[in-house]
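The next block holds one structure in the form of structure tokens; read it before the comments.
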Amino acid sequence: MNVIQKLTETVNFIKTKTKSKPRIGIILGSGLGHFVQHMQVECTLPFNEIPNFIPPTVEGHSGNLIFGKIGNAELVVLQGRLHYYEGHTMETVVFPARTMALLGIEILVVTNSAGGYGDGMNAGDFMLIEDHINMMGTNPLMGPNIKELGPRFPDMTEAYDRKLIEIAERILRAQKTFSHKGIYVGVTGPTYETPSEIKMFKALGGKAVGMSTVPEVIAANHLGIRVAAISCITNLAAGISKEKLTHVEVTETAKKVEQKFCNFLTEFVVKI
Ligand code: HPA
């Protein structure tokens, strides 16, 4: 089956399970899965029951596609994303984002955990992503263009919607949640970076680094969907602090700020 046939099969299956027509899709990053507890959940579909969905393998990620509401905002939430470092093809990594697009979402909100190296950053801060630098060495749109999904050469001038960033900034300010705005550098992982790599990313203008987001944001832009993205700075990046990096630290920080994160996201989805 080609991608369009797979997407059609997946979307048709989902439509037999729920009548929900979400306008907003959300991808939840590591340790941020509890957001769904703030939703009025209408339908939960485990990845292993959805045709062509592949269960994630990373600790701290469970795999569910969840439909529901916060206030009047109709949402579809991906709890547990796929990462390129797991060995999936880029096509597999972006499949859930494309599925949400074909279910009719107009806005994709992407969240992630990231290492921070912007001036004044601390673990537990947030960063609104203004733009990204793709250091993954590949692109999910490589190969023959699938014209049903978008053009051959998609524009990426405003990959992260400025109006959505403004709304997000206003909410974070009102909630007194300390946050930054900047460029996210997407890498493959699974190693954390070397201190020299972080120096290079900083010289390039980046402020955060992570192993996700870039593929889904590219796929969403291809499809003409507006994107907002926010990083939870779970740790200072390699060489910025003296500490060695561990996945435990990343998930622990995400846990600590989860409440703040949920406060932001629950308000954001009703204002956009
Ligand atoms: N580097 C890359 N990805 C990450 C990091 C990091 O320091 N922290 C959380 N995800």
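The first residue in the sequence is number 1, and the count goes up from there. Ligands are counted one by one from 1 in listed order, and the atoms in each one are counted from 1 as well.
- By the criterion of a heavy-atom distance under 4.0 Å, the side chain of Thr234, and not its backbone, is placed next to ligand 1.
- Remark: the backbone N or O of Gly150 is paired with a side-chain donor or acceptor of His222 at under 3.5 angstrom.
- When the options Asn235, Thr246, Thr253 are ranked by their closest heavy atom to atom 7 (O) of ligand 1, first place goes to Asn235.
- Between Glu193 and ligand 1, an N or O atom pair is found at a separation short of 3.5 Å.
- Ranking the protein heavy atoms by distance from atom 5 (C) of ligand 1 puts Gly115 N, 3.3 Å first.
- Side chain of Asn134 to main chain of Met136: a donor-acceptor pair is present (N/O by atom type, distance under 3.5 Å, no hydrogens or angles).
- Neither the backbone nor the side chain of Ala238 has a heavy atom within less than 4.0 Å of ligand 1.
- With ligand atoms numbered from 1 in the order given, ligand 1 contributes 7 (O) to contacts under 4.0 Å with heavy atoms of Leu245.
- Taking the six-membered ring for Trp, Phe95 and His88 have ring centres at least 6.0 Å apart.
- Regarding atom 3 (N) of ligand 1, its nearest protein heavy-atom neighbour is Gly210 CA, 3.4 Å.
- When only non-hydrogen protein atoms are considered, atom 10 (N) of ligand 1 lies nearest to Ser113 O, 3.4 Å.
- Distances between N or O atoms of Val187 and those of ligand 1 include no value under 3.5 Å.
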Kindly indicate, with the supporting measurements, whether the criterion side-chain hydrogen bond (donor to acceptor under 3.5 Å, both in side chains) is fulfilled by Gln259 and Asn263. CA-CA 6 Å; Gln259 191 56 48; Asn263 292 347; 3.2 Å; yes
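- Side-chain atoms of Asn64 and Thr44 form no donor-acceptor pair, as typed in the model, at a separation below 3.5 Å.
- The 12-atom threshold is exceeded at CE of Met1, counting heavy atoms of other residues, nucleotides or ligands nearer than 6.0 Å.
- Checking each of Leu265, Leu164, Val227, Ile27 against Val109 for a side chain to side chain contact (heavy atoms under 4.5 Å, CB included) leaves exactly one that passes, namely Leu265.
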